[in-house]
Protein chains: 2
Amino acid sequence: MSLDLDAKARGKREETKASNRQAIIDAARQVFAELGYGATTVRDIIRATDLASGTFYNYFKSKEEVFQALQDETALRVRPRLRAERIRARTFEEFIAGSFRTFFDFVKNDHSTFATMRRNPEMQRVRIDTPEVVAGFDELRVDLERAIESGVVPDADPDLLMASIVGVAFEIANHLVARDDIDVDDAAKFATALFLGGVQALPKRKR
Amino acid sequence: MSLDLDAKARGKREETKASNRQAIIDAARQVFAELGYGATTVRDIIRATDLASGTFYNYFKSKEEVFQALQDETALRVRPRLRAERIRARTFEEFIAGSFRTFFDFVKNDHSTFATMRRNPEMQRVRIDTPEVVAGFDELRVDLERAIESGVVPDADPDLLMASIVGVAFEIANHLVARDDIDVDDAAKFATALFLGGVQALPKRKR
DNA sequence: AGAGTTCATGACACTCCGTCAACTTTCGGG
DNA sequence: CCCGAAAGTTGACGGAGTGTCATGAACTCT
């Protein structure tokens, strides 16, 4: 009566291993949201499962590592959306606009790590070099270099361009999560305008 | 034979209090750089002074709090430089260019928290809302709103503009510290161009 | 079914933390 | 200058969290 369709293909051993791992991750998400990252102990996490304390260490080296796994799951959810948006884009403007729009929308609406994170000020470390995150950055870089190749964007330093985009994206994302009076659309339009035309092109504020 | 010129004005009590506090901060900077933030214990810090373990807690509540004090010292060093640069600026372009230039220069050349921080990947938390940091942000915001008032910058959302500037500044700062092949001047010109004219205005890469 | 492998268990030893009662130093009024 | 009060220092101690490991249970394969 398992919902895990892969289960038949695996032995029971592998199956419980996978389910234990997931149980720990789920418990961690729960407990982090409840107590905050700093305040939760490894024991708190394992207590929220039906496993014994020692078992935790068969799956993760530390609390930090579970957190990374959480981040990875989060990145795994955004990345396809960003990819789809990029494929749809026909111009550099659409590319930039779509990427910001999608990212901000995710941050605001998906009840992911971002939300619980910002509720706990100590968890400033939003970005962690988890495989999925790195892959996402790589994809962005490839597209930027393609844009440079094709002459749509001047032959600027791609590292600095990446840094600027990422910096703006995450910094504005913080505001989106922390405050309610900022609209996802406005934020996306703002960031897009900044990259396309600098401060002079910025949209006027609604009063 | 003290070098502390304020000492005569203070009683001995206050004097040792101040010097103990500074001793702890200095020891912390040292030890953080050596072991990394996560790996150092409060005991490590106090052991690097000639004080007893309990004394630490007369000055700071936790390791985190010493770290904040360090950050505050760092901010205290940049802020006057940024202020001077702003006063010198006669146009918005000079304002933006000068600010980025000064900040990047500080990050790269002042052997401050930034440097030790980047050597320890776990210390991603560069920004902390320490009094000096908050004051610095406030100053920036005032200038931005003045620029908006005077019509030099469109009437855009100042929060989003702040976020963009700060995001770009810190993200590029990370690259500056992490890598040697990026020039402070190039970075400042890049960021300035981005804000003044968007991607089309970006300087071409040196090959 | 039996030998072998893999994993779960929870008690244990260890580290670090923050406190506190006892002690030392400084202050200030007489 | 002296002495009682105030402020600060000390390190030992109780408590909490960590990661490990010997033991035993569960699964796999033949």
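Labels below follow one simple rule: chain letters A, B, ... track the order of the sequence lines, proteins then strands, and each chain is numbered from 1.
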[X] has an atom [atom1]; how far is it from atom [atom2] of [N], in whole Å?
X	N	atom1	atom2	answer
A/Ile45	D/dG19	CD1	P	11 Å
A/Glu64	D/dT18	CD	P	13 Å
B/Tyr57	D/dG11	OH	C1'	13 Å
A/Phe60	D/dT18	CZ	C1'	17 Å
B/Arg13	D/dG8	CZ	P	6 Å
B/Leu51	D/dG8	CG	C1'	11 Å

Here's a test of your reading of the structure: between B/Glu14 and B/Phe56, which maps to the more 5' nucleotide of DNA chain C?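 Residue closer to the 5' terminus by nearest nucleotide: B/Phe56.
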Would you mind classifying the nucleic acid contact of A/Thr55 as base, sugar-phosphate or nothing, using non-hydrogen atoms under 4.0 angstrom?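 Answer is base: heavy atoms of A/Thr55 come under 4.0 Å of a base.
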Ignoring backbone atoms, establish whether [X] has a side-chain N or O less than 4.0 Å from OP1 or OP2 of [N].
X	N	result
B/Lys17	D/dG8	yes
B/Ser53	D/dG11	no
B/Tyr59	D/dT9	yes
B/Asn58	D/dT9	yes

Please work out whether the ring planes of A/Phe195 and A/Phe100 are parallel, tilted or perpendicular, with thresholds of 30° and 60°.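 A/Phe195 vs A/Phe100 ring planes: tilted.
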Distance-only side-chain donor-acceptor flag, [X] / [Y], under 3.5 Å:
X	Y	result
B/Tyr59	B/Gln22	no
A/Gln30	A/Asp26	no
B/Gln68	B/Glu73	no
B/Asp105	B/Thr102	no

Any donor-acceptor N/O pair, A/Asp138 side chain to A/Ala135 backbone, under 3.5 Å: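 No, because the side chain of A/Asp138 does not come within donor-acceptor range (under 3.5 Å) of the backbone of A/Ala135.
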Can you check whether B/Ser164 reaches A/Glu171 side chain to side chain, under 4.5 Å on heavy atoms?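 A side-chain contact is absent here, since even the closest heavy-atom pair is not under 4.5 Å.
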Quick one: does A/Thr74's side chain get under 4.5 Å of A/Leu70's, heavy atoms only?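 No. Closest side-chain heavy atoms not under 4.5 Å.
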Which nucleotide span of DNA chain C, 5' end to 3' end, has atoms closer than 4.0 Å to non-hydrogen atoms of chain A?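 Going 5' to 3' along DNA chain C, contacts run C/dT5 to C/dA11.
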Rounded to the nearest 0.5 Å, how far does OH of B/Tyr57 lie from CD of B/Glu65?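 Spacing of CD (B/Glu65) from OH (B/Tyr57) equals 11.5 Å.
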Select from B/Asn20 and B/Arg43 the residue whose nearest nucleotide in DNA chain D is closer to the 5' end of that strand.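 Mapping each residue to its closest nucleotide by heavy atoms, the 5'-most match is B/Asn20.
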Closest approach to the side chain of A/Val42, judged atom by atom: which nucleotide of D/dG8, D/dT18, D/dA26 is it?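 Of the options given, the side chain of A/Val42 lies nearest D/dT18.
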Over its full length, what angle do the end axes of the helix from C/dA1-D/dT30 to C/dG30-D/dC1 make, each axis taken from five pairs and the result rounded to 10 degrees?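 Inter-axis angle at the termini of the helix from C/dA1-D/dT30 to C/dG30-D/dC1: 20°.
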